[in-house]
Amino acid sequence: MTDSEHIDDDIVQILHSASRLGIRFEINPPQELLEIQQHLFGGSHIPYKLFQLGSVIYEIGSPTMGELAKSLDLPHSTITRMVTWLVDNGYARRNIDEQDHRIARVKLTEKGIQSYNAVTDYFARTIKQHLSVLTQEEQMILLTLLRKIIAGLK
């Protein structure tokens, strides 16, 4: 196996590990997030669904169900179930579009915004902690490389 193939295998393993973070997060949320959720709402569950959908809702503003499905590359039926869960649990609401009453737009509630912010703040702190093993120069190199990968994905 060549050095390039070893590097490719290592990168694949790193990406697999990163994708498993979301699954672990949903199954066994970190204690700190459970405590934040308990403090904010008297409950102890911050759904990973909120983070997935919340990031798209934040980016778009008040997306339609179709825009969510396209952004997350999921079927409309899956998006409908996820949004229904968020609505039923008070994290989001559906609003009828003013121009076209057949279209529903999704917006986070105050509870949804607070929970989404708690999740993103936690992830930011965790990532910064993990990056602290790198020098500032290594962090800049990593950032440059990640930007190239993201540009390639678009």
Side-chain angles (χ1 to χ4, degrees), residues 7-131 139 141-154:
I7 291 170
D8 289 348
D9 287 345
D10 288 347
I11 291 171
V12 168
Q13 287 301 332
I14 290 168
L15 293 175
H16 278 256
S17 295
S19 68
R20 286 191 297 268
L21 285 177
I23 295 167
R24 277 201 338 232
F25 173 73
E26 187 166 8
I27 293 170
N28 189 18
Q31 185 61 36
E32 181 181 352
L33 284 179
L34 295 175
E35 290 169 5
I36 291 168
Q37 186 70 358
Q38 180 69 38
H39 174 74
L40 288 174
F41 309 112
S44 60
H45 181 68
I46 296 178
Y48 187 65
K49 293 174 188 175
L50 177 66
F51 185 71
Q52 291 173 315
L53 286 175
S55 61
V56 175
I57 294 169
Y58 260 49
E59 185 178 309
I60 296 174
S62 186
T64 65
M65 300 295 277
E67 290 169 333
L68 285 172
K70 184 177 179 184
S71 293
L72 294 170
D73 195 27
L74 292 170
H76 283 274
S77 59
T78 301
I79 293 297
T80 299
R81 282 192 306 276
M82 292 171 77
V83 168
T84 297
W85 188 94
L86 291 175
V87 169
D88 289 349
N89 288 280
Y91 292 99
R93 67 177 176 271
R94 287 186 183 99
N95 297 322
I96 302 300
D97 187 88
E98 293 178 9
Q99 273 66 23
D100 187 341
H101 293 264
R102 299 170 294 173
I103 297 174
R105 295 194 169 275
V106 181
K107 188 166 177 78
L108 293 178
T109 62
E110 187 60 34
K111 175 182 177 179
I113 291 168
Q114 288 179 330
S115 293
Y116 178 76
N117 286 336
V119 171
T120 54
D121 289 348
Y122 173 80
F123 278 139
R125 283 193 316 275
T126 302
I127 290 167
K128 286 177 184 177
Q129 180 182 9
H130 292 303
L131 289 176
Q139 288 180 19
I141 291 168
L142 176 61
L143 178 61
T144 301
L145 295 173
L146 290 173
R147 284 181 176 155
K148 282 185 174 183
I149 291 169
I150 291 169
L153 293 173
K154 291 181 179 180

Apply side chain to side chain contact (heavy atoms under 4.5 Å, CB included) to the pair Val83 and Leu68, showing each step before the final yes or no. CA-CA 10 Å; Val83 168; Leu68 285 172; 3.8 Å; yes
Would you check if [X] and [Y] make a side-chain contact, meaning some heavy-atom pair closer than 4.5 Å?
X	Y	answer
Lys107	Ile57	no
Leu72	Val56	yes
Asn117	Ile113	yes
Asp97	Arg102	no

Over all atoms of both residues, closest heavy-atom pair of [X] and [Y]:
X	Y	result
Leu131	Gln139	O-NE2, 2.9 Å
Ser115	Tyr91	OG-CE2, 3.4 Å
Leu108	Gly54	CD1-CA, 4.3 Å
Val106	Met65	CG2-SD, 3.6 Å
Ile60	Ser71	CD1-OG, 3.6 Å
Met82	Leu74	SD-CD1, 4.0 Å

Tell me if a side-chain donor or acceptor on [X] pairs with a main-chain N or O of [Y] at a distance below 3.5 Å.
X	Y	value
Ser62	Arg105	no
Gln114	Lys111	no
Thr109	Gly90	yes

When rounded to the nearest 0.5 Å, the distance separating CG of Asp73 from OG1 of Thr78 is 10.5 Å
From Lys148 atom NZ to Leu145 atom CG, the distance as rounded to the nearest 0.5 Å: 6.5 Å
